[in-house]
**Q** 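A single structure is presented below for examination.
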Amino acid sequence: MKKERKKLKFDGLKNVIYALKIIHKCAPGMMIAQVSMQVSFWFFTGFVKDVLFLKLLLDLITNGGTFKEYIILVLLLVASELIATGINCFSDYYGSVKWKKFYKNLNDKIFQKAVSVDMECYENPEFYNKYKRATEIITEDHIAYFAWQFSNIIAGSLTGVFLVIYVITIDPKILLILLVSVFVLAFSTIKGKLDVKKDKEMTPYKRSKAYVKRTVYMREFAKDMRTSGVFNVLHARYKTAIDRNREIIKKYGWKIAFLETMSGFFGKALPVAVTYIYAVFRYAVKKDMKVSDFSVIMTAMSNLKDVFNDVGEAVSDVRREAEYFGNLKDFMEYESKVTSGTKEAGDLESVEFKNVTFTYPDAKDRTINNLNLKITKGETIAIVGKNGAGKSTFVKLLLRFYDVDSGEILYNGINIKEYTLESLRERLATVFQDYKIFALSIGENVLCQEVLDDIDRKRVDEAIKNSGADTCVEKLPLKAETVLTREFDEKGTGISGGEQQKIATARMFAKNFDLAILDEPSSALDPVAEYKMYEKLIEATKSKTVIYISHRLSSAVLSDRIYVFKNGSISESGTHEELMENNNEYCRMFTLQASNYKSREEEEM
């Protein structure tokens with residue numbers, strides 16, 4: 001138990017040090033400005049003005065000082081206040097500039113980390129909770145509060161030292177009264193731990209609430225919200241999250257309230273009462289304390305009591321806020337399991353899966369089971385099969401979103417783990433079945449970067465033409481400069497799912513790729529448009545290596561070779577004609593789909 005407590009304290013200290021490092025790294029000088037501002041405020045208000053100046057003024061009054069001495073004292077007070085105010089204003093301005101830089105730099109670091117972690121992290125609720133708690137540092141101002149309270153510790157401690165020295169010169173016994181305030185530190189520490197536990201338990205429900213709020217406002221969900229009962233389900237989920245958080249708040253609320261009450265009693269009420277009684281006894285009964293000392297000692301003790309309490313609270317808050325930095329530290333120090341190699345991937349000659357086996361984390365059954373498959377340069381391949389056969393997982397493994405459990409994937413005869421991730425993925429162009437269109441211009445959606453010059457615009461136009469999206473884009477007033485969605489631009493436009501899919505496919509053609517992977521690239525198209533799209537794709541990808549992945553078989557007919565996936569393995573392979581002659585699973589799938597298409601055509605006629 002003792003070791004565990006020591007470890008928690010050590011971890012807390014490490015988190016504080018990490019917080020100071022990350023603040024300095026993102027905005028050097030910011031903490032110095034923050035500390036300077038708090039020191040100038042605390043020291044001038046808590047000691048110079050309230051104690052030192054008051055003592056000198058009362059002594060002048062008691063000893064019959066001259067008018068000139070009064071003027072000099074007042075001028076000194078004004079000068080010191082001007083200096084403190086100047087330091088405060090400059091630090092405030094300098095700090096505000098640094099804060100903007102800090103948030104930009106830290107956001108950049110979090111964004112970069114978020115897009116570099118393993119794909120499996122996005123399917124892991126524990127990781128998402130950590131990610132949420134890490135981002136809360138920025139979204140809920142934990143950093144600013146940490147910096148402010150850390151500065152208060154330094155400023156309060158410095159002011160407290162001067163106040164203690166002053167009180168000792170009058171009566172050291174009075175300091176004994178402040179010993180009761182030690183309890184405040186204990187109460188504040190326990191309260192801080194309870195706050196952290198409470199926030200941790202509330203995190204998954206906060207995520208659930210955030211998801212519902214985000215979904216209700218998003219355009220792509222608007223139609224389903226209005227034509228189905230799904231809103232009621234989401235609203236129930238939202239209400240459940242609120243109820244759970246209320247239960248957690250109730251669970252910890254009375255404990256936190258009790259600790260705050262005890263902190264107030266031992267930190268404020270009791271020290272003030274005892275100090276007044278003791279000072280009155282010295283002044284009125286023993287008559288060994290001057291009026292000036294009586295007045296100033298009461299002010300000094302009141303300020304010292306406030307300093308002690310505020311520093312105690314600041315220490316507790318810093319420890320609590322440091323927990324959030326611990327979440328950020330865990331997130332930022334997460335080491336990807338999929339690591340980049342050192343070799344640069346050259347022009348594609350072949351891709352081969354050799355005895356590849358893969359199981360998703362926490363899954364019971366294998367998704368890919370002893371898969372063997374080789375594709376050579378210039379081939380057009382179709383991978384078909386029912387949902388869950390392992391087709392999309394095949395793509396994820398080739399792109400190294402995951403690494404295989406056993407076996408190996410070879411690119412030009414070399415294990416893909418030996419290549420840098422950037423160079424390998426640069427050789428591959430992929431259109432995913434769950435493609436996304438962003439609230440950017442069509443050109444930016446296609447290039448996935450800013451369109452800066454005529455060369456970029458030409459690339460965009462060619463890619464749009466090759467994907468078949470040109471007939472839609474040409475009708476728009478701003479052509480490829482049209483922003484998709486009206487979320488940020490009144491001149492923006494919405495386009496159909498089929499046209500969106502063509503825009504997503506255009507990204508592939510804008511890329512200088514060796515191997516194109518189209519994972520269900522025509523899911524939003526009707527059969528006729530699908531067939532025409534494949535014809536255009538085949539024409540546009542001559543001399544390129546292409547892999548079509550689909551459970552719809554339009555692409556299979558036009559491919560050099562077809563691989564039928566079943567339970568993560570290849571159940572049969574060959575050309576369309578060969579597989580139809582075999583009269584196995586592919587033949588049954590194709591015949592069934594063909595009859596469905598024919599039935600639809602007859603119904604439309």
**Q** Rounded at 0.5 Å granularity, tell me how far CZ in F325 sits from CD1 in I17.
**A** 13.5 Å
**Q** How long is the span from the NZ atom in K343 to the CD1 atom in I416, to the nearest 0.5 Å?
**A** 13.5 Å
**Q** Mind checking what makes side-chain contact (heavy atoms from CB on, under 4.5 Å) contact with L158, not counting sequence neighbours?
**A** V39, F162
**Q** Could you measure the distance from the CD atom of E247 to the CD atom of E201? Nearest 0.5 Å is fine.
**A**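 Reported value, rounded in 0.5 Å steps: 11.0 Å.
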**Q** Just jot down the salt bridge (charged side-chain N to carboxylate O under 4.0 Å, His left out) partners of R427, sequence neighbours excluded, or say none.
**A** D347, D514
**Q** Taking all heavy atoms of T420 and all of S340, pick out the closest pair and write down the distance.
**A** CA-OG, 3.1 Å
**Q** What do the steps show when you test M202 against Y252 for side chain to side chain contact (heavy atoms under 4.5 Å, CB included), and what is the final call?
**A** CA-CA 11 Å; M202 290 174 69; Y252 291 100; over 6 Å; no
**Q** Is there a side-chain contact between V16 and F146 (heavy atoms, below 4.5 Å)?
**A**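 Sidechains of F146 and V16: in contact.
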**Q** With sequence neighbours excluded, what pairs up with F438 under the ring-ring contact (aromatic ring centres under 6.0 Å, His included) test?
**A** none
**Q** Using the test side-chain contact (heavy atoms from CB on, under 4.5 Å), find all partners of F401 that sit at least two apart in sequence or belong to another chain.
**A**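 side-chain contact (heavy atoms from CB on, under 4.5 Å) check on F401 returns M119, K396, L399, R425, F432.
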**Q** Would you indicate whether Q449, at its atom CD, is surrounded by more than 12 heavy atoms from other residues, nucleotides or ligands within a distance under 6.0 Å?
**A**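 Above 12, so yes.
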**Q** Identify the heavy atoms of A322 and N15 that sit nearest to each other, and give their distance.
**A** O-CB, 3.2 Å
**Q** Kindly give the heavy-atom pair with the smallest separation between Y402 and L397, and that separation in Å.
**A** O-CD2, 3.8 Å
**Q** Sequence neighbours excluded, which residues qualify as side-chain contact (heavy atoms from CB on, under 4.5 Å) partners of E481?
**A** L478
**Q** With R507, which residues qualify under salt bridge (charged side-chain N to carboxylate O under 4.0 Å, His left out), at least two apart?
**A**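 Residues passing salt bridge (charged side-chain N to carboxylate O under 4.0 Å, His left out) with R507: none at all.
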**Q** Is there a side chain to side chain contact (heavy atoms under 4.5 Å, CB included) between N245 and K209? Walk through the geometry before answering.
**A** CA-CA 10 Å; N245 278 343; K209 279 173 56 184; 4.1 Å; yes
**Q** In Å and rounded to the nearest 0.5 Å, what is the CZ to NZ distance from R459 to K511?
**A**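 Result: 11.0 Å between the selected atoms.
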**Q** Which residue pairs pass the side-chain hydrogen bond (donor to acceptor under 3.5 Å, both in side chains) test when at least one of the two sits in residues 149-160, sequence neighbours left out?
**A** Q38-N152, W42-N152, Y145-Q149, Q149-N152, Q149-D317
**Q** CG of N512: more than 12 outside heavy atoms within 6.0 angstrom?
**A** no
**Q** Just jot down the side-chain contact (heavy atoms from CB on, under 4.5 Å) partners of D330, sequence neighbours excluded, or say none.
**A** K130
**Q** Once ring-ring contact (aromatic ring centres under 6.0 Å, His included) is applied, do any residues pair with Y238, and if so which ones, sequence neighbours excluded?
**A**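 For Y238 there are no ring-ring contact (aromatic ring centres under 6.0 Å, His included) partners, ignoring immediate neighbours.
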**Q** What distance do L20 atom CG and K25 atom NZ have between them, rounded to the nearest 0.5 Å?
**A** 14.5 Å
**Q** Would you name the heavy atoms of S423 and A345 that are closest together and state the gap between them?
**A**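 That would be OG-N, 3.1 Å.
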**Q** Can you confirm whether more than 12 heavy atoms, excluding those of I455, are under 6.0 Å from its CD1 atom?
**A**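 Counting other residues, nucleotides and ligands, CD1 of I455 stays at 12 neighbours or fewer.
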**Q** Counting heavy atoms not belonging to E450, are there more than 12 under 6.0 Å from its CD?
**A** no
**Q** Using a 6.0 Å cut-off, check whether atom CD of E422 has over 12 heavy atoms from anything other than its own residue.
**A**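 Incorrect, the count does not exceed 12.
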**Q** Can you name the salt bridge (charged side-chain N to carboxylate O under 4.0 Å, His left out) partners of K337, sequence neighbours left out?
**A** E120
**Q** If I compare all heavy atoms of G156 with all of V307, which pair ends up nearest, and what's the gap?
**A**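 Minimum heavy-atom separation between G156 and V307: O-CG1, 3.1 Å.
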**Q** If you measure from OG1 on T339 to NZ on K417, what distance do you get to the nearest 0.5 Å?
**A** 8.0 Å
**Q** For Y334, give me all partners under side chain to side chain donor-acceptor pair (under 3.5 Å), at least two apart in sequence or on another chain.
**A**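 Counting only residues at least two positions away or on another chain, Y334 forms a side chain to side chain donor-acceptor pair (under 3.5 Å) with D118.
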**Q** For E426, give me all partners under salt bridge (charged side-chain N to carboxylate O under 4.0 Å, His left out), at least two apart in sequence or on another chain.
**A** none
**Q** Quick one: are V460 and D456 in side-chain contact, heavy atoms under 4.5 Å?
**A**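 Not touching, per the 4.5 Å side-chain cut-off.
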